[in-house]
> 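Okay, here's the structure, questions in a sec.
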Number of protein chains: 2
Amino acid sequence: MPNRKTGRSAKDRLLDAAERLFAKRGYHGVSIRDITEAAGVDVAMVSYHFGSKRALLTAVFERRAEEINVERLERLEATRRGRGRLDLEQVVNSFMEPLFERMARGGRGWKSYFALLAQVNNSPEFAVLMTRNFDPVVHKFIEALQSALPDADPRDVYWGYHFLTGALTLTFAETGRLDRLSGQLCRSTDSDGVRARFAPFMAAGFAAVARRRVGEAAAAPRRARR
Amino acid sequence: MPNRKTGRSAKDRLLDAAERLFAKRGYHGVSIRDITEAAGVDVAMVSYHFGSKRALLTAVFERRAEEINVERLERLEATRRGRGRLDLEQVVNSFMEPLFERMARGGRGWKSYFALLAQVNNSPEFAVLMTRNFDPVVHKFIEALQSALPDADPRDVYWGYHFLTGALTLTFAETGRLDRLSGQLCRSTDSDGVRARFAPFMAAGFAAVARRRVGEAAAAPRRARR
DNA sequence: TCTACTATTCATCAAACGTTCAATGAAATT
DNA sequence: AATTTCATTGAACGTTTGATGAATAGTAGA
């Protein structure tokens with residue numbers, strides 16, 4: 001059952017190849033034959049192991065989702081221990097760190113997976129995959145954000161999360177645009193660089209929106225701070 | 001030349017239909033026949049007017065880009081007048097407001113365009129379209145951000161812009177995910193809601209990262225290069 | 001060794017794909 | 001009125017698409 005050369009089963013080889021190609025060219029930009037040729041197996045294997053091309057995408061997506069969900073929850077629980085109010089930046093970190101860690105040390109498979117995530121998250125056709133696979137844990141994360149910002153309007157927290165996940169997925173999209181834009185001063189592959197900046201940026205954003213909203217409701221009609 | 005019923009030329013009808021369908025299902029998810037049927041013209045018209053399917057995408061993309069670029073620059077210039085240092089939040093606003101305004105009042109065409117933008121921006125295959133059509137103006141915008149944050153490391157400004165554009169494009173992607181996630185408490189279509197939160201969130205993020213970097217540089221040495 | 005089951009290959013299907021071509025109508029130019 | 005240009009049509013090109021059924025190889029248990 002495992003391939004002679006690689007020791008991996010045809011099913012796994014299909015998942016790997018599909019992951020890589022879907023990430024690079026999108027679901028519709030890749031044919032079943034592209035995938036099976038890259039995996040070194042027969043075309044019929046997709047139907048046999050997964051049932052359809054679409055089901056293969058679902059399988060690719062689900063394969064790594066649970067691992068992320070588990071570690072996100074672990075880290076979130078760890079931030080709860082001890083003190084009273086949750087620390088905002090720590091909550092943000094517990095959400096992003098499982099991704100950054102695998103981006104830095106998880107190999108090509110994880111990188112492709114995140115690039116695929118970016119496309120799925122921004123597509124009306126496939127975004128439901130995000131909802132299905134990640135939103136149960138995202139709800140707990142948003143709860144935690146609300147605890148860290150007890151005075152914030154819930155809508156501010158949702159919008160803040162929305163901004164956060166937009167920034168996060170683009171960071172992993174591997175489009176090379178930031179590299180080109182900055183004349184190679186910044187590298188999308190520089191995971192330490194983004195690691196150092198992401199949580200402070202988002203935490204400050206959350207805090208500012210929550211603050212603005214509170215101040216606005218109390219006294220002045222327009223912004224109080226700047 | 002213009003269609004009897006609509007008064008629009010076949011070329012324009014093709015651009016409209018392609019814009020709508022590409023936004024909904026992605027470039028590869030739409031066939032030339034899908035587009036020409038929706039536009040009510042013959043299949044051959046794509047080749048005739050644009051040369052190829054790919055060139056049609058390019059044309060769709062370019063059609064509205066210049067209008068955005070012009071207004072972004074106008075608004076940016078307007079923020080320069082008068083005072084000395086540029087106001088960070090105003091700079092961010094000058095960048096996003098042309099989009100928000102058209103999202104709110106620009107009709108279905110503009111909405112589709114922005115949803116397409118979101119997919120293109122997050123795709124390795126097409127992201128070069130963003131570079132080609134928007135980066136000349138983005139460079140000026142980043143210059144302005146740097147003026148508003150004179151002590152910030154340029155890399156912090158680039159990364160901040162990267163986070164900003166990721167959040168911005170997802171906001172326009174019309175995936176419905178935020179709506180589902182928040183139980184319809186937040187609506188992607190609520191342009192006033194995002195308008196009120198976006199610039200404060202991003203401005204605070206920029207400021208926080210710049211601040212952190214400055215404090216850090218004074219005390220502890222960061223890694224040099226790699 | 002026979003049996004049952006799983007995994008894989010091969011050949012093939014109808015449908016859809018992007019593109020092209022010769023023909024034609026309508027409009028503008030001469 | 002004759003001619004040229006532009007826009008559009010309908011049909012077809014060869015290729016690729018996702019999917020499948022029949023046949024074959026491989027494996028494990030009885």
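Every heavy atom of this structure was used, including side-chain atoms; hydrogens, water molecules and symmetry mates were not. Each chain gets a letter, A, B and so on, in the order the sequences are listed, and its residues count up from 1.
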> Without decimals, in angstroms, what is the distance between A:Lys53 NZ and D:dA19 P?
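Distance check: A:Lys53 NZ to D:dA19 P gives 8 Å.
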> Just so I know, are the side chains of B:Leu73 and B:Asn69 near enough to count as touching, which here means a heavy-atom distance under 4.5 Å?
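They are not in contact (no side-chain heavy atoms under 4.5 Å apart), so the answer is no.
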> Assuming nearest nucleotide by heavy-atom distance, tell me which of B:Ser52 and A:His49 is located more 5' along DNA chain C.
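Nearer the 5' end of the strand: A:His49.
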> Using the benzene-type ring in the case of Trp, are the ring centres of B:Phe100 and B:Phe114 under 6.0 Å apart?
no
> Report the distance from atom CG of A:Leu14 to atom P of C:dA7, rounded to the nearest whole Å.
13 Å
> The side chain of B:Ser31 lies closest to which of these nucleotides: C:dC17, C:dT8, D:dT9?
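In terms of side-chain proximity for B:Ser31, the closest of C:dC17, C:dT8, D:dT9 is C:dC17.
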> A:Glu37 CD to D:dT16 C1': how many Å, rounded?
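These atoms are roughly 12 Å apart.
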> A:Thr131 vs B:Arg180, test: side chain to side chain donor-acceptor pair (under 3.5 Å). Steps then yes/no.
CA-CA 8 Å; A:Thr131 301; B:Arg180 288 193 297 275; 3.0 Å; yes
> If I take atom CZ in residue B:Arg25 and atom C1' in nucleotide C:dC17, what distance separates them, rounded to the nearest angstrom?
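Result: 14 Å.
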> Could you check how far NE2 of B:His28 sits from P of D:dG18, rounded to whole Å?
12 Å
> Using a 4.0 Å heavy-atom cut-off across all strands, classify B:Ser47 as base, sugar-phosphate, or nothing.
base
> Map A:Arg33 and B:Gly51 onto DNA chain C by nearest heavy atom, then report which one ends up closer to the 5' terminus.
A:Arg33
> So, is the end of the B:Lys53 side chain (NZ or CZ) under 6.0 Å from the ring centre of B:Tyr27 and within 45° of the ring's axis?
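Pair B:Lys53/B:Tyr27 counts as cation-pi.
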> Choose from D:dT20, C:dT8, D:dT9 the nucleotide whose nearest atom is closest to any side-chain atom of A:Tyr48.
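Minimum distance to the A:Tyr48 side chain belongs to C:dT8.
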> What's the CG-P distance between A:Asp42 and C:dT12, to the nearest Å?
14 Å
> Separation of A:Met45 atom CE from D:dT24 atom P, in whole Å?
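Interatomic distance, CE of A:Met45 to P of D:dT24: 18 Å.
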> Whole angstroms only, please: what is the CZ-P distance between B:Phe50 and C:dT20?
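After rounding, the reported distance stands at 16 Å.
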